[in-house]
Amino acid sequence: MDCRLEKGLERLSALMADEPEPWWIIGSAALILSGIAGIVPDDIDVVGDRAMLRRVLAKARVKESEPKTHLQFRSSPYTRIKVDGGTDIEVQGDLELRENGAWVRLVFASRVAVTIGSARVFVPGIEEQRQIFRRFGRAKDLAKAAIVDRHIKPSAV
């Protein structure tokens, strides 16, 4: 694993250690944590409850950004935590996707613990990750869903 990613995961794990609410890493970093190699994430996308992530930002001494709305998703907060020498953490509270003309909260069905060095982090199961990429629907997300397709046994597809 890339040392920058490991450093970012260690920082995230330390910030989240005392938080009782569930949280997940999604996106490229989640794929790597699920054993899919050959991907270099731009950041570590962490999704969870808005209030919890605001506490995490306060612990990290990071000012919350204005909520960011994309055509296909929105969250509040939507803020980046810089990690010196590591992969930055992108915080996304109460993440919602635009589906069939309505905003729908992203709700997770699975939560897999992964330990990397001193970091303990959580990702959705690989099948759920594929579904999330498809739900986001952007070209880059559909390409990641296709990567998952190639790594899952044909009998599971």
Side-chain angles (χ1 to χ4, degrees), residues 1-9 11-13 15-16 21-54 56-57 60 62-83 86-114 116 119 121-154 156-157:
M1 175 175 294
D2 176 76
C3 64
R4 290 182 49 79
L5 178 58
E6 189 170 341
K7 188 168 187 176
L9 292 169
R11 176 74 170 131
L12 175 62
S13 179
L15 287 168
M16 303 301 276
E21 292 91 354
W23 53 275
W24 294 261
I25 293 172
I26 62 171
S28 297
L31 289 179
I32 293 167
L33 292 166
S34 298
I36 297 178
I39 299 168
V40 179
D42 295 327
D43 52 33
I44 300 166
D45 297 309
V46 62
V47 178
D49 174 75
R50 173 181 293 141
M52 173 190 59
L53 291 175
R54 284 183 171 146
V56 168
L57 290 173
V62 172
K63 185 178 177 186
E64 182 178 334
S65 302
E66 289 297 316
K68 182 175 181 179
T69 300
H70 183 277
L71 292 175
Q72 294 158 296
F73 61 91
R74 68 183 182 186
S75 67
S76 176
Y78 184 87
T79 302
R80 185 173 286 257
I81 299 172
K82 297 286 186 188
V83 178
T87 302
D88 292 342
I89 301 162
E90 195 161 90
V91 172
Q92 300 173 40
D94 292 348
L95 180 61
E96 296 178 310
L97 302 175
R98 186 84 171 161
E99 296 177 317
N100 301 317
W103 290 106
V104 179
R105 176 105 181 251
L106 183 60
V107 177
F108 297 89
S110 60
R111 189 168 188 246
V112 179
V114 180
I116 302 291
V121 297
F122 303 91
V123 298
I126 194 68
E127 280 284 343
E128 188 170 12
Q129 288 181 51
R130 177 172 53 184
Q131 293 168 7
I132 292 168
F133 286 127
R134 288 183 177 154
R135 288 178 68 190
F136 268 82
R138 300 172 296 179
K140 71 179 189 175
D141 298 311
L142 295 175
K144 290 173 189 166
I147 290 169
V148 174
D149 287 342
R150 290 191 298 272
H151 284 82
I152 293 178
K153 294 178 183 175
V157 176

Please name all residues satisfying salt bridge (charged side-chain N to carboxylate O under 4.0 Å, His left out) with Arg138, sequence neighbours left out, ordered by chain then number. Asp141

Review item, side-chain donor-acceptor pairs of residues 37-49, under 3.5 Å, at least two apart:
unit_1: Asp43; atom_1: OD2; unit_2: Arg80; atom_2: NH2; d: 2.9
unit_1: Asp45; atom_1: OD1; unit_2: Gln92; atom_2: NE2; d: 3.2
unit_1: Asp49; atom_1: OD2; unit_2: Ala51; atom_2: N; d: 3.1
unit_1: Asp49; atom_1: OD2; unit_2: Met52; atom_2: N; d: 3.1

Roughly how far, to the nearest 0.5 Å, is the CH2 atom of Trp24 from the CG atom of Leu106? 8.5 Å

What do the steps show when you test Met16 against Leu53 for side-chain contact (heavy atoms from CB on, under 4.5 Å), and what is the final call? CA-CA 9 Å; Met16 303 301 276; Leu53 291 175; 4.0 Å; yes

Do you know which two heavy atoms are closest between Glu128 and Ala109, and how far apart they sit? OE2-N, 2.7 Å

So which heavy atom on Arg135 is nearest to which on Val104, and how close? NH2-CG1, 4.0 Å

Return the CG to CD1 distance between Leu12 and Ile81, rounded to the nearest 0.5 Å. 7.5 Å

Indicate the atoms forming the closest heavy-atom contact of Ile25 with Pro124, along with that distance. O-CD, 3.2 Å

If you take all heavy atoms of Ser76 and Glu64, which pair is closest and at what distance? OG-OE2, 4.0 Å

Is Arg98 reaching over with its side chain to a backbone N or O of Gly101, donor-acceptor style, under 3.5 angstrom? yes

Could you tell me the separation between the CZ atom of Arg11 and the OG1 atom of Thr87, rounded to the nearest 0.5 Å? 14.0 Å

Distance, nearest 0.5 Å, that separates CD of Glu99 from CZ of Phe73: 13.5 Å

Could you go step by step and tell me if Val114 and Leu9 meet the side-chain contact (heavy atoms from CB on, under 4.5 Å) rule? CA-CA 10 Å; Val114 180; Leu9 292 169; over 6 Å; no

How close do Gly86 and Arg4 get, heavy atom to heavy atom, and via which atoms? O-NH2, 3.0 Å

Output all residues satisfying salt bridge (charged side-chain N to carboxylate O under 4.0 Å, His left out) with Glu6, sequence neighbours left out; order by chain, then residue number. none

Taking Val83's backbone N and O only, do any of them form a donor-acceptor pair with Asp88's side chain (distance below 3.5 Å, no angle check)? yes

Name the orientation class of the two ring planes belonging to Phe122 and Trp23 (parallel below 30°, tilted from 30 to 60°, perpendicular beyond 60°). perpendicular

Residues Arg134, Gln131; criterion side-chain contact (heavy atoms from CB on, under 4.5 Å); working and verdict: CA-CA 5 Å; Arg134 288 183 177 154; Gln131 293 168 7; 5.7 Å; no

Find the distance between CD1 (Ile89) and OG1 (Thr79) and round it off to the nearest 0.5 Å. 12.0 Å

If I compare all heavy atoms of Phe133 with all of Ser28, which pair ends up nearest, and what's the gap? CZ-N, 4.5 Å

Intermediate values then yes/no, side-chain contact (heavy atoms from CB on, under 4.5 Å), Gln72 and Phe136: CA-CA 7 Å; Gln72 294 158 296; Phe136 268 82; 5.7 Å; no

